[in-house]
Visitor: 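Just dropping this structure here.
The model shown is predicted, which means the values in this text are computed figures rather than measured ones.
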Amino acid sequence: MNAITLNARPSADFEAKLARTLAVLQQAAAEHPGSVVQGTSLGAEDMVITDLIARHRLPVALATLNTQALHDETVALIGRIEQHYGLPVEVFSPPAEAVIHFVNQHGPKAMYQSVELRKACCGVRKLEPLGRMMAGRDAWITGLRREQSNDRAAVEFVEHEPNGRTKYSPLAEWAWGDVWHYIGQHQVPYNPLHDQFYPSIGCAPCTRAVALGEDFRAGRWWWEQEGAKECGLHVHDAPAEVSTLLNR
């Protein structure tokens, strides 16, 4: 049984949700011509957004972060997107010397030692490349959904970040079943790890499959308390050093 068969259960108002999603994407493209990017995590939600951008020929750039710690299946999806849609995907990676320095100083398993070290690893591998991805851009599109976690329950379609950028989350109101209904309906490429019970996929050391009945994001940073399970990309009260990094 694959992820589509297992999860595709559209909401009764799916078509209305889809229409609102497309309207948000069109709004993002119209309000930020030439300066809006989809920051795709390459997860199922982001694949839906990429498909809508391509299907409706919206002038939105596609970009992702290769943390140099991703699963092989995740990295391979970048090429599949480019081949399937004929659109380029910008890839931003951390400087090799920064990764080497961090690993030499803290070890390859630093993320398991403390929340502080795990977030420092995210800072090196995710936040610094994100700063370069957003350079010269004043808006981005994410795959955040309210259903994903308690921390994301208040996600809005459009949010104005403290750094002056606008963040669009066009799937905010979608259920997991809606995501997979769309993927199955339009034969959207997706990460094969989803077929192996990985609903939320991040770096390989920080992601595991979930068991029946576990929370959607239980496989992310599973050794930490629920309130700590963000990497800094989507927090409202980012620490000063993170805010500085994202404004470079």
Visitor: Between the main-chain N or O of D46 and the side-chain N or O of Q38, is there a donor-acceptor pair closer than 3.5 Å?
Guide: yes

Visitor: Check E90 with R137, please: is the shortest side-chain N to carboxylate O separation under 4.0 Å?
Guide: yes

Visitor: Grab the two heavy atoms, one from P129 and one from S93, that are nearest each other, plus how far apart they are.
Guide: CG-C, 3.8 Å

Visitor: Hey, what's the ring geometry for Y182 with F14, parallel, tilted or perpendicular (30° and 60° as the breaks)?
Guide: tilted

Visitor: Between the side chains of K119 and E224, is the shortest nitrogen-to-carboxylate-oxygen separation below 4.0 Å, so that they form an ion pair?
Guide: no

Visitor: Just how far is it from atom CG of D13 to atom CD of E15, taken to the nearest 0.5 Å?
Guide: 10.0 Å

Visitor: Within the side chain of R9, is there an N or O that forms a donor-acceptor pair under 3.5 Å with the backbone of G177?
Guide: no

Visitor: Under 3.5 Å, is there a donor-acceptor pair between the side chain of R146 and the main chain of V155?
Guide: yes

Visitor: Name the residue from L58, T21, V60 that meets the side chain to side chain contact (heavy atoms under 4.5 Å, CB included) definition with Q26.
Guide: L58

Visitor: Would you find a donor on one side and an acceptor on the other, under 3.5 Å apart, between the side chain of Y198 and the backbone of G219?
Guide: no

Visitor: If Ile, Leu, Val, Met, Phe, Trp and Tyr residues are connected whenever their side-chain heavy atoms lie under 4.5 Å apart, and connections chain through other members, are I4 and L52 in the same group?
Guide: yes

Visitor: May I ask you to decide if the ring planes of H32 and Y168 are parallel, tilted or perpendicular, using 30° and 60° as cut-offs?
Guide: perpendicular

Visitor: For side-chain contact (heavy atoms from CB on, under 4.5 Å), just list the numbers for M134 and N163, CA-CA rounded to whole Å, side-chain angles, deciding distance to a tenth of an Å, and then say yes or no.
Guide: CA-CA 11 Å; M134 293 305 301; N163 56 28; over 6 Å; no

Visitor: Please name the pair of heavy atoms, one in P205 and one in A69, separated by the smallest distance, quoted to 0.1 Å.
Guide: CD-O, 3.7 Å

Visitor: Shortest non-hydrogen contact from P108 to V103?
Guide: N-CG1, 4.0 Å

Visitor: Hey, does the side chain of E45 reach the backbone of V179 with a donor-acceptor pair shorter than 3.5 angstrom?
Guide: no

Visitor: Counting neighbours of CG on N104 that are heavy atoms of other residues, nucleotides or ligands and sit closer than 6.0 Å, is the number greater than 12?
Guide: yes

Visitor: Determine yes or no for a side-chain-to-main-chain donor-acceptor pair under 3.5 angstrom, with S169 supplying the side chain and T142 the backbone.
Guide: no

Visitor: Atom NE2 of residue position H101 - does it have more than 12 heavy atoms of other residues, nucleotides or ligands inside 6.0 Å?
Guide: no

Visitor: With a cut-off of under 6.0 Å to the ring centre and 45° to the axis, is R118 in cation-pi contact with F102?
Guide: no

Visitor: Under 3.5 Å, is there a donor-acceptor pair between the side chain of D178 and the main chain of A175?
Guide: yes

Visitor: Any non-hydrogen side-chain atom of R132 less than 4.5 Å from a side-chain atom of P95?
Guide: yes

Visitor: Spell out, as yes or no, whether a donor-acceptor pair under 3.5 Å connects the side chain of H194 to the backbone of A44.
Guide: yes

Visitor: Between V124 and V115, is there shared hydrophobic-cluster membership here, with clusters defined by ILVMFWY side-chain heavy atoms closer than 4.5 Å?
Guide: no

Visitor: Looking just at side-chain N and O atoms, do T40 and T64 make a donor-acceptor pair shorter than 3.5 Å?
Guide: no

Visitor: Judged by atom type as modelled, is there a donor-acceptor pair below 3.5 Å linking the side chain of R80 to the main-chain atoms of Y190?
Guide: yes

Visitor: Might you point out which heavy atoms bring G143 and I49 nearest each other, and give the distance in Å?
Guide: CA-CD1, 3.8 Å

Visitor: List the atom of L6, the atom of M1, and the distance in Å for their closest heavy-atom pair.
Guide: CD1-SD, 3.5 Å

Visitor: Quiz question: by atom type and distance under 3.5 Å, do the side chains of W140 and E161 form a donor-acceptor pair?
Guide: yes

Visitor: Distance alone, cut at 3.5 Å: any donor-acceptor contact between the side chains of R217 and S149?
Guide: no

Visitor: Go through the steps for V158 and Q27 under the test side-chain contact (heavy atoms from CB on, under 4.5 Å), then give the verdict.
Guide: CA-CA 10 Å; V158 184; Q27 176 187 350; 4.1 Å; yes

Visitor: For side-chain contact (heavy atoms from CB on, under 4.5 Å), just list the numbers for E73 and I201, CA-CA rounded to whole Å, side-chain angles, deciding distance to a tenth of an Å, and then say yes or no.
Guide: CA-CA 10 Å; E73 293 89 341; I201 305 170; over 6 Å; no

Visitor: Below 30° counts as parallel, above 60° as perpendicular, anything between as tilted: where do the rings of W176 and W180 land?
Guide: perpendicular

